[in-house]
Participant: 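The following block contains the structure, expressed as structure tokens.
Everything numeric here is computed off the predicted structure, so don't read it as measured data. All chains are named by letter (A, B, ...) in the order of the sequence lines, taking the proteins before the strands, and each is independently numbered beginning at 1.
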Amino acid sequence: MRIATWNVNSLNVRLPHVELWCASAQPDVLALQETKLEDAKFPRAAIEALGYHVAFSGQKTYNGVALMARQPILDVVTDIPGLDDPQRRVLVATVGELRVANLYVVNGQAVGSEKYAYKLDWLAKVSAFLAGELRNDPRLVVMGDFNIAPDDRDVHDPVAWHEQILCSTPEREALRRLLDLGLLDSFRLFDADPGHYSWWDYRQAGFRRNLGLRIDLVLAGERLKARARAATIDRIPRAWERPSDHAPALLELADD
DNA sequence: ATGGTGGTTTTACCA
């Protein structure tokens with residue numbers, strides 16, 4: 001089965017991109033971030049017409065997450081105990097035998113800012129919640145826009161980004177603590193090389209010049225490791241007209 | 001050169 005995550009930066013604008021990409025990539029599970037749609041305006045019928053079940057947690061203008069799946073989506077959680085947060089960034093659900101967490105991690109704006117403190121606090125609380133999920137069922141996949149490049153291989157210019165937002169040591173340590181619960185960065189099961197990115201800034205012709213970061217991750221519970229067959233980033237939709245600034249990241253799992 | 005692009009209940013804010 002194919003599991004994917006994609007920050008679409010407005011599903012209103014990117015619905016045709018999602019339709020086109022699903023037709024070719026045929027993901028069985030697709031986590032979307034930055035839908036930027038309140039639930040009453042979510043294009044449920046258009047997604048269902050593609051042959052998917054869908055669950056969503058959105059708000060006007062900012063944030064918003066959704067989960068599409070070929071199989072029914074059950075036991076949905078969008079609010080985490082101890083994190084009373086109007087920002088819609090989390091959707092955890094059961095899809096077949098998998099427990100799936102879709103995260104739109106806080107960007108953080110700048111190291112040392114109020115939003116940075118919120119990011120680190122958010123990561124600690126979400127990680128504590130996911131620790132419980134992993135204890136319940138280690139067939140957990142945690143995917144989304146992490147807004148953290150795990151290490152310098154994931155950064156086009158590690159000198160320029162040194163200790164900057166998305167790359168700072170406290171952010172990387174927060175991600176490490178999440179991984180240490182028993183999750184694997186699936187992309188790194190297959191490719192240890194630098195130069196693979198999932199996000200390119202719209203500014204400065206970032207994509208054309210390949211000035212990217214790998215911040216969109218599919219983390220797999222260690223119990224899923226033996227079933228992992230491939231982990232990739234599909235850059236093709238980043239080159240389409242009026243693209244999202246993110247590319248989809250995928251994990252292919254063999255059947256149990 | 002402290003900018004730049006793109007999205008959104010837009011002339012500010014977020015990424």
Participant: What distance, rounded to whole Å, do you find between the two P atoms, one in B:dC14 and one in B:dT9?
Facilitator: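 My reading of the P atoms in B:dC14 and B:dT9 gives 15 Å.
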
Participant: Find which nucleotide of DNA chain B each of A:Asn9 and A:Val106 is nearest to by heavy atoms, and output the residue with the more 5' nucleotide.
Facilitator: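 The 5'-side residue here is A:Asn9.
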
Participant: Can you sort out the partners of A:Arg70 under side chain to side chain donor-acceptor pair (under 3.5 Å), two or more places apart, ordered by chain and number?
Facilitator: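 With sequence neighbours excluded, A:Arg70 shows a side chain to side chain donor-acceptor pair (under 3.5 Å) to A:Gln26, A:Tyr52, given in chain and number order.
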
Participant: Quick one: ring-ring contact (aromatic ring centres under 6.0 Å, His included) pairs with a partner in residues 207-242 of chain A, sequence neighbours left out?
Facilitator: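 Sorted pair list: A:Trp200-A:Phe207.
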
Participant: May I have the distance from A:Lys41 (atom NZ) to B:dG7 (atom P), rounded to whole angstrom?
Facilitator: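 Answer to the nearest Å: 18 Å.
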
Participant: Within the supplied structure, the quantity of interest is the number of heavy atoms (other residues, nucleotides, ligands) at a distance under 6.0 Å from A:Glu114 CD; does it exceed 12?
Facilitator: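 No, not enclosed.
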
Participant: Do A:Asp234 and A:Trp21 have side-chain atoms, one donor and one acceptor, less than 3.5 Å apart?
Facilitator: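 Their side chains do contain a donor-acceptor pair, which is all the 3.5 Å distance test asks for.
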
Participant: Tell me, yes or no, whether the heavy-atom count around A:Asn136 atom CG, taken from other residues, nucleotides or ligands under 6.0 Å, exceeds 12.
Facilitator: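 More than 12 within 6.0 Å, yes.
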
Participant: N/O contacts under 3.5 Å, protein versus nucleotides 12-14 of chain B?
Facilitator:
{"unit_1": "B:dC14", "atom_1": "OP1", "unit_2": "A:Lys115", "atom_2": "NZ", "d": "3.3"}
{"unit_1": "B:dC14", "atom_1": "OP2", "unit_2": "A:Lys115", "atom_2": "NZ", "d": "2.8"}
{"unit_1": "B:dC14", "atom_1": "O5'", "unit_2": "A:Lys115", "atom_2": "NZ", "d": "3.1"}

Participant: A:Leu130 and side chain to side chain contact (heavy atoms under 4.5 Å, CB included): which single residue from A:Val142, A:Ile80, A:Val90 fits?
Facilitator: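 The side chain to side chain contact (heavy atoms under 4.5 Å, CB included) with A:Leu130 is passed solely by A:Val142 among A:Val142, A:Ile80, A:Val90.
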
Participant: What's the CG-C1' distance between A:Leu15 and B:dG7, to the nearest Å?
Facilitator: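 For the pair A:Leu15 CG and B:dG7 C1', the rounded distance is 16 Å.
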
Participant: Go through the structure and list residues passing side chain to side chain donor-acceptor pair (under 3.5 Å) with A:Arg235, not counting sequence neighbours.
Facilitator: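 Result, side chain to side chain donor-acceptor pair (under 3.5 Å) vs A:Arg235: A:Asn210.
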
Participant: Can you check the distance between B:dG3 and B:dT8, where both ends of the measurement are the P atom (answer in whole Å)?
Facilitator: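 Here B:dG3 and B:dT8 have their P atoms 25 Å from each other.
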
Participant: Residues in side-chain contact (heavy atoms from CB on, under 4.5 Å) with A:Glu222, at least two apart?
Facilitator: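 Testing A:Glu222 for side-chain contact (heavy atoms from CB on, under 4.5 Å), a comparison that skips the adjacent residues, returns A:Leu184.
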
Participant: Rounding to an integer number of Å, can you tell me how far A:Lys60 NZ sits from B:dT8 P?
Facilitator: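 The distance from NZ of A:Lys60 to P of B:dT8 comes to 13 Å, rounded to the nearest Å.
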
Participant: Under the side-chain contact (heavy atoms from CB on, under 4.5 Å) rule, collect the residues that match up with A:Tyr118, sequence neighbours excluded.
Facilitator: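 side-chain contact (heavy atoms from CB on, under 4.5 Å) check on A:Tyr118 returns A:Asp85, A:Gln87, A:Arg89, A:Val106, A:Trp122.
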
Participant: Under 4.0 Å, heavy atom to any atom of DNA chain B: which of residues 155-166 of chain A qualify?
Facilitator: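 Output list: empty, so none.
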
Participant: On a whole-Å scale, what distance lies between the C1' atoms belonging to B:dA1 and B:dT10?
Facilitator: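 One C1' to the other, the span is 27 Å.
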
Participant: Treating a pair as Watson-Crick (purine N1 to pyrimidine N3 plus N6-O4 or O6-N4) or G-U wobble (N1-O2 and O6-N3) with both distances under 3.5 Å, list the stems of 3 or more consecutive pairs that involve DNA chain B.
Facilitator: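 Stems (3+ consecutive pairs) listed as B:5-8 with B:12-15.
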
Participant: Of A:Leu11 and A:His246, whose closest DNA chain B nucleotide lies nearer the 5' terminus?
Facilitator: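 Nearest nucleotide further toward 5': that of A:Leu11.
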
Participant: Using ring-ring contact (aromatic ring centres under 6.0 Å, His included) as the criterion, list what pairs up with A:Tyr62, not counting sequence neighbours.
Facilitator: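 Expected list: none.
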
Participant: Looking at residues at least two apart in the chain, or sitting in another chain, which of them share a side-chain contact (heavy atoms from CB on, under 4.5 Å) with A:Val76?
Facilitator: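 Applying side-chain contact (heavy atoms from CB on, under 4.5 Å) to A:Val76 gives A:Ala55, A:Ile73, A:Thr78, A:Leu91, A:Ala93.
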
Participant: When you measure from the side chain of A:Arg172 to the backbone of A:Ala149, do you find a donor-acceptor pair of N or O atoms at a distance under 3.5 Å?
Facilitator: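 Yes, A:Arg172 side chain to A:Ala149 backbone: donor-acceptor pair under 3.5 Å.
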
Participant: Linking I/L/V/M/F/W/Y whenever any side-chain heavy atoms sit under 4.5 Å apart, do A:Val141 and A:Val95 land together?
Facilitator: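 Yes, A:Val141 and A:Val95 fall within the same hydrophobic cluster.
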
Participant: Listed by chain and number, what are the side chain to side chain donor-acceptor pair (under 3.5 Å) partners of A:Arg44, not counting sequence neighbours?
Facilitator: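 If we apply the side chain to side chain donor-acceptor pair (under 3.5 Å) test to A:Arg44, skipping adjacent residues, the hits are A:Glu48.
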
Participant: What pairs of nitrogen or oxygen atoms, one from the protein and one from nucleotides 2-5 of chain B, lie under 3.5 Å apart?
Facilitator:
{"unit_1": "B:dG4", "atom_1": "N2", "unit_2": "A:Gln204", "atom_2": "NE2", "d": "2.6"}

Participant: Write down the distance between CZ (A:Phe207) and C1' (B:dG6), rounded to a whole number of angstrom.
Facilitator: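 That distance rounds to 16 Å.
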
Participant: Please report the distance, rounded to the nearest Å, between OH in A:Tyr116 and P in B:dA15.
Facilitator: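 A:Tyr116 atom OH is separated from B:dA15 atom P by 15 Å.
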
Participant: Output the rounded distance in Å from CH2 (A:Trp199) to P (B:dG7).
Facilitator: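 Atom-to-atom, A:Trp199 to B:dG7, this comes out as 15 Å.
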
Participant: Calculate the interatomic distance between A:Gln59 atom CD and B:dA15 atom C1'; express it in whole Å.
Facilitator: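 After rounding, the reported distance stands at 14 Å.
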
